[in-house]
Amino acid sequence: MNETLLDCAEVLSEAGFFTHFTSITADDQELALETLAFEDATVLGFIVAYDNPAQLVAAWKSDCDRIALLHGGALRAARHKAWNAYLVLISRTMANFGESLALGQIEEDLTAMRKITKAGVTGAVGARAALLPLLPFRAAPSLDPIDMRFEIESRSTELDAEIVTAFLSSAEEAIVMQLLEDRA
Amino acid sequence: MKIERILISGFRGFRNMVDVPIASGFTVIDGRNGVGKSTLFDAIEFALTGHLSKYGEMKAGGESVQDYIWWKGNGPSPSERFVEITLRDGADVLRLRRTPIEEPSRELLLRVEAGMVNAGMAPPSPLLQLCAASIIRDENIASLSLDLSETQRYAKLRQAIGATDADQWAERGNRLAAIARKRSEQAKAEVAAANSAVADASRRIDDARALLAPEAAITEASTTMTRLLLFGPTPPDQLISPGREFVALRERHARELATILSGWDEYERDAAALAEGEAAIEAAKVDVTLAQADRALLPDPAEVSAIGPTTDLVAQLHELRSLGIRIGLVEHACPLCAVDHDQSSFVAGLKKAAETIELMDKQASDLAAEATKRRVEIADAERKIVEAQKVLAGLVDRIDRQRKALETRQQLLDGFGFSSAVSRAEILELREVVVSEIEAARHALRVISTISQNQLLQTGLAQLDEARARLARAQDRAGRARRAEAIASALHDAARRAGSETLDLRLDRVLPLMAELYGRLRPHPVWQDIEYSIRGDLRRFLSLQVGDGLNPQFLFSSGQRRATGLAFLLSINLSLAWSRWRSILLDDPVQHVDDFRTVNLAEVLAQLVAGGRQVIVAVEDAALAELLARRMPVPKIGEARRLTLALGPEGSSAVVHRSDPAPMLPNVLAA
């Protein structure tokens, strides 16, 4: 089984997607097309992994057709959900500048399925980066309240503790100043 | 807390009451320009804050947005104009209503605030800040994000996630440091003043010492002064006053002697001339007497007139004769003398009268000449008397003056015990004596007067001691003030570092989210990642970079900048650590954004909704609204909504279409 697709399946499963591997054969093709199908309540889609961007750019259209042919019935049955059908095209090796532009153009082709392309995808991290638009947000950090008194105190340990306490109290500045001069 | 409903009547473009139900998941609103999409967002902000921030302080023709908040035409009465939003927090429901004449109670606003922010973490005016971070308007997407300066961008992020009281502590530290600095400066000035006082006292002592005469000189001067004053043994300090009087007296004598000497020649001339003058006076008196005698001898001119006819008489006779001629004989008689005449005797009489009158006229002329001659002689004699008297008076006056001058001089000489026979040499000799006494007395006085310098010296030494004590006290205060300043500065520094370091820690946790949002919105096909970095120490900057140190602010197209701005503003909203408001409101966020990036935005919004956020988004294009709505998750009916706004027949905005999208089919591929 394709390692990259396995990584993608793991990432998608963690995000709550149903995943399912499919091997699409064709008479005029030597090799079967390995794909990963995925679906949640809102979207569905297919992932195809290529060795390099050049292969991807060359084959994606015919591969798209093969997927559409195989899953045409399901897509038609999906009704509104079919608007949210994705084709994720990933390459294991990095793209050069020209290939990046070519991948960008594939993404900006909004006919039929929504296309996501990504080059240099290896491991779960790469899979997560490729599938980012489909995944939940990285949780926004939970920022606890800051006790500024404590923070200031911990940064003024070289000073007389009573002076620091007076500074951090609600005492008027004139009083703090008086203490400061008395202790100086 | 989420928005459940917006109820508007007579607000902005909504003339009639309009009820806008908002779904808890997402609500997509479409409508052409001017149908009131933005007004819905205005209504939410106005209900929460009482303000419409998007207009800022904008004014024109003396008017501001305040004059255009409520419906301007015919419509509901002011009492029926209102904005009301319904907020739901679990089972709690709050309705916030504002009208032209009534605001929500303070208690209600506090309840809303408590539901929308985490107490203890919220900044001042949290609802204003929440609206600023949660209502993302088309016109502000670039200006409030990418187009901000790096410091403004940093401040915006700090406001969202920073420790809200950090600035207050830093400000307290700053004020304390400023007070300490000021006191330190004052103490430094006191030290300078005390140093100056010490220097002044030292200088006065030096001056007094320099003027102080030696003891021997004082003794010698005292001896001289007692000798001059003809005193017995007297303490030096008691010689000063009499000594000054002596000098003054001797100076007066010197002036008098100088006066005598300066008029010496004149004196001698006056003395010699005095006898001659007296003789001249006697001669002048004789002259006066002689002149008076000459005058007495001259006859009176009136006597001459008395002995013959006068010119007046001659003139009267002429007149009388003329009258006789003009009248002529009157009944054979002369009209003048009434003597009978015939014509010839009358003419002969007139001729004889004429001859007589002529003779009298000659005699009168001779007498008049004689009288004139006598009067001239009298005047001449009287003038001589006056001149003689004048000469006499001049001589008397001159002699008087000479005599007085001689008397004055004699008085001066008497004052010095000289007789009038004193010689000039004797006067000169006396003057030399007086001048030498003056000089000796002055010198002695100068020396004796230095005794007072000793008192000044004592006073100066006392002042120096006092000034040194004052300096010591000032130095002590300055030392304390410097130490206090250092401590205050350390406190300020600790407060500042506490604020910036805790913020940096938070930023480290928030920046990945910002980068992720950028990655999802994909503004640029090549630069798919962005790097956010904080730099600066005193002034902090939030820099954005793509690729190899490139600034997207100047690199990206208008649509790309807008997409990048959206990533920034959304991440700010998601980072609001103190917010409990789960709503994000986007007013036409896809203007100038192409279809591809609109899809990216739809995916981001879908993830926000899936994550439990409430998304309200308004767009102009119905197809675009459909695209957005189709991509959103719909767990169940009622949690998503599509609304269309349009203008009604009277030009008032209204909701003309509403639909609630249904959940999509599950398990399509699995089947």
Side-chain angles (χ1 to χ4, degrees), chain A residues 18 20 37-44 71 74-75 77-84 97 100-101 103-105 107-108 110 114 129 132-138 140-146 148-149 151-156 158-160 163-164 167-168 173-174 176-177 180-184, chain B residues 118 120-121 161 163 165-166 169 172-173 175-176 179-180 183 480-481 483-484 487-488 490-491 494-495 497-499 501-502 506 509-510 512-513 516 519-520 522 525-526 574-575 577 594-596 599-600 603 606-608 610-611 630-635 663-671:
Chain A
F18 157 80
H20 159 67
F38 59 91
E39 183 181 357
D40 73 355
T42 312
V43 304
L44 54 81
H71 296 284
L75 288 171
R79 300 172 61 188
H80 286 307
K81 201 172 188 178
W83 288 101
N84 298 336
F97 185 77
S100 293
L101 287 177
L103 295 182
Q105 284 168 1
E107 286 196 319
E108 293 188 20
L110 295 178
R114 155 92 164 101
L132 188 63
L134 300 166
L135 302 178
F137 278 110
R138 187 197 307 250
S142 167
L143 304 175
D144 297 326
I146 293 173
M148 280 309 292
R149 283 188 173 83
E151 298 291 341
I152 294 168
E153 209 171 355
S154 66
R155 286 169 177 80
S156 49
E158 79 281 14
L159 302 177
D160 185 322
I163 289 175
V164 177
F167 175 71
L168 296 174
E173 275 142 26
V176 180
M177 195 64 217
L180 213 143
E181 284 177 337
D182 288 347
R183 293 299 183 97
Chain B
N118 286 320
M121 290 180 72
I161 64 166
D165 58 344
W169 287 112
R172 181 173 164 88
R175 282 197 301 273
L176 205 61
I179 295 170
R183 291 202 182 175
R480 284 173 179 276
R483 287 193 292 278
I487 295 170
L491 282 169
R497 277 187 294 116
E501 286 170 15
T502 51
R506 290 183 158 212
R509 295 171 64 191
V510 167
L513 175 66
E516 180 181 329
R520 286 176 183 269
R522 299 276 298 277
V526 175
L574 296 178
S575 304
D594 59 25
D595 291 350
F596 171 62
V599 170
N600 291 343
E603 287 165 351
Q607 294 301 341
L608 289 172
R630 278 198 302 263
R631 183 62 184 83
M632 302 288 177
V634 185
M664 294 186 182
L665 290 174
N667 305 324
V668 172
L669 294 179

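Side chains are part of it too, since the values below use all heavy atoms of this structure and drop only hydrogens, waters and symmetry mates. Predicted, not measured: the structure shown is a model, and the values here were computed from it. Chain A is the first sequence line, chain B the second, and so forth, proteins listed ahead of strands; every chain is numbered from 1.
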(message) Using heavy-atom distances under 4.5 Å, tell me whether A:Leu103 contacts chain B through its side chain, its backbone, both, or neither.
(response) neither
(request) Check whether B:Pro633 gets within reach of chain A through its side chain, its backbone, both or neither, counting any heavy atom under 4.5 Å. (result) both
(message) Does any part of the side chain of B:Ile179, heavy atoms only, come nearer than 4.5 Å to the side chain of A:Val176, both counted from C-beta?
(response) no
(request) Might you point out which heavy atoms bring A:Pro133 and B:Gln607 nearest each other, and give the distance in Å? (result) O-NE2, 3.5 Å
(message) For A:Phe167, which atoms come within 4.5 Å of any heavy atom of chain B: side chain, backbone, both, or neither?
(response) both
(request) Please test A:Thr42 against B:Met632 for side chain to side chain contact (heavy atoms under 4.5 Å, CB included), starting from the C-alpha separation and ending with a verdict. (result) CA-CA 7 Å; A:Thr42 312; B:Met632 302 288 177; over 6 Å; no
(message) If I measure from the heavy atoms of chain B, does A:Ala78 come under 4.5 Å with its side chain, its backbone, both, or neither?
(response) both
(message) At a 4.5 Å cut-off on heavy atoms, which part of A:Asp182 comes close to chain B: side chain, backbone, both, or neither?
(response) backbone
(message) At a 4.5 Å cut-off on heavy atoms, which part of A:Leu110 comes close to chain B: side chain, backbone, both, or neither?
(response) side chain
(message) side chain to side chain contact (heavy atoms under 4.5 Å, CB included), that's the test. Do B:Val599 and A:Arg114 meet it? Break it down for me.
(response) CA-CA 9 Å; B:Val599 170; A:Arg114 155 92 164 101; 3.3 Å; yes
(request) Keeping the roles fixed (side chain from B:Arg497, backbone from A:Arg155), state whether a donor-acceptor pair exists under 3.5 Å. (result) yes
(request) Check whether any side-chain heavy atom of B:Thr502 lies under 4.5 Å from a side-chain heavy atom of A:Met148, and answer yes or no. (result) yes
(message) How close do B:Val668 and A:Ala74 get, counting heavy atoms only, and between which atoms?
(response) CG1-O, 3.1 Å
(request) Measure A:His20 against the heavy atoms of chain B and call it side chain, backbone, both or neither at under 4.5 Å. (result) neither
(request) Can you tell which part of A:Glu107 gets under 4.5 Å to a heavy atom of chain B, answering side chain, backbone, both or neither? (result) both
(message) Could you check whether any side-chain heavy atom of B:Met664 comes within less than 4.5 Å of a side-chain heavy atom of A:Val43, counting everything from C-beta outward?
(response) no
(request) Report yes or no: does A:Glu39 contribute a side-chain atom to a donor-acceptor pair with the main-chain N or O of B:Asn667 at less than 3.5 Å? (result) yes
(request) Apply the test side chain to side chain contact (heavy atoms under 4.5 Å, CB included) to residues B:Ile487 and A:Arg183: give CA-CA distance (whole Å), side-chain angles for both, the deciding distance (0.1 Å), then the verdict. (result) CA-CA 10 Å; B:Ile487 295 170; A:Arg183 293 299 183 97; 6.0 Å; no
(message) Please give me the minimum heavy-atom distance between B:Leu176 and A:Met177, naming the atom from each residue.
(response) O-SD, 4.1 Å
(message) Quick check on A:Phe38 against chain B: is it the side chain, the backbone, both or neither that has a heavy atom closer than 4.5 Å?
(response) backbone
(request) Measure from the side-chain N and O atoms of B:Arg520 to the backbone N and O of A:Leu132, and report whether any donor-acceptor pair falls under 3.5 Å. (result) yes
(request) Let me know if B:Ala495 has heavy atoms under 4.5 Å from chain A in its side chain, its backbone, both or neither. (result) both
